[in-house]
Amino acid sequence: MSRSESTVETEIKIRVTDAVAAARRLSEAGLVPRTPRLFEVNQVFDRSTGEIRARGELLRIRRVADQVIVTYKGKADTRVHKSREELEV
């Protein structure tokens with residue numbers, strides 16, 4: 001594994017009931033897709049006791065095409081938006 005990067009991730013999720021309409025509105029705003037649509041496989045790991053999730057943390061392996069990314073997400077601060085440390089290798 002050649003790189004590791006630690007950042008604070010802030011997630012803001014917007015519920016969309018019509019993906020086609022949402023894509024059309026983005027297009028009307030002058031936005032275009034910048035990457036191809038890819039299938040990804042996510043596998044979350046924990047101890048048999050569930051202690052990682054119980055602490056509000058996450059350990060995941062994500063596979064996209066020929067790339068594999070191991071991600072650790074720390075406990076979230078949810079005061080305004082969900083923000084938490086994220087480390088990817």
Revision key, fill the gap. To the nearest 0.5 Å, atom CZ of Arg84 lies from atom CG of Leu87 at 13.0 Å
Check your understanding: At what distance, to the nearest 0.5 angstrom, does NZ of Lys82 lie from NZ of Lys73?
Key -> 7.0 Å
Practice item. Report whether Leu31 and Val16 are members of the same hydrophobic cluster (ILVMFWY, side-chain heavy atoms less than 4.5 Å apart, transitive linking). Key: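 In one cluster with Leu31: Val16, no.
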Exercise for review: Tell me whether Val41 is reachable from Val68 by hopping between hydrophobic residues (I, L, V, M, F, W, Y) whose side-chain heavy atoms are closer than 4.5 Å.
Suggested key: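 In one cluster with Val68: Val41, no.
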Review point. Got a sec, which residues hit salt bridge (Lys or Arg N to Asp or Glu O under 4.0 Å) with Asp77, two or more places apart in sequence or on another chain?
Key: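 So Asp77 forms a salt bridge (Lys or Arg N to Asp or Glu O under 4.0 Å) with Arg79.
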Listed pairs under 3.5 Å, donor-acceptor, residues 52-65 side chains, sequence neighbours left out:
{"residue": "Arg55", "atom": "NE", "partner": "Glu57", "partner atom": "OE1", "Å": "2.7"}
{"residue": "Arg55", "atom": "NH1", "partner": "Glu51", "partner atom": "OE2", "Å": "3.4"}
{"residue": "Arg55", "atom": "NH2", "partner": "Glu57", "partner atom": "OE1", "Å": "2.7"}
{"residue": "Glu57", "atom": "OE2", "partner": "Tyr72", "partner atom": "OH", "Å": "2.9"}
{"residue": "Arg60", "atom": "NH2", "partner": "Thr71", "partner atom": "OG1", "Å": "3.4"}
{"residue": "Arg62", "atom": "NE", "partner": "Glu40", "partner atom": "OE2", "Å": "3.2"}
{"residue": "Arg62", "atom": "NE", "partner": "Asn42", "partner atom": "OD1", "Å": "2.6"}
{"residue": "Arg62", "atom": "NH2", "partner": "Glu40", "partner atom": "OE2", "Å": "3.3"}
{"residue": "Arg62", "atom": "NH2", "partner": "Asn42", "partner atom": "OD1", "Å": "3.3"}

Point to revise | Residue list, side-chain hydrogen bond (donor to acceptor under 3.5 Å, both in side chains) with Ser83, at least two apart or on another chain | key: Thr10
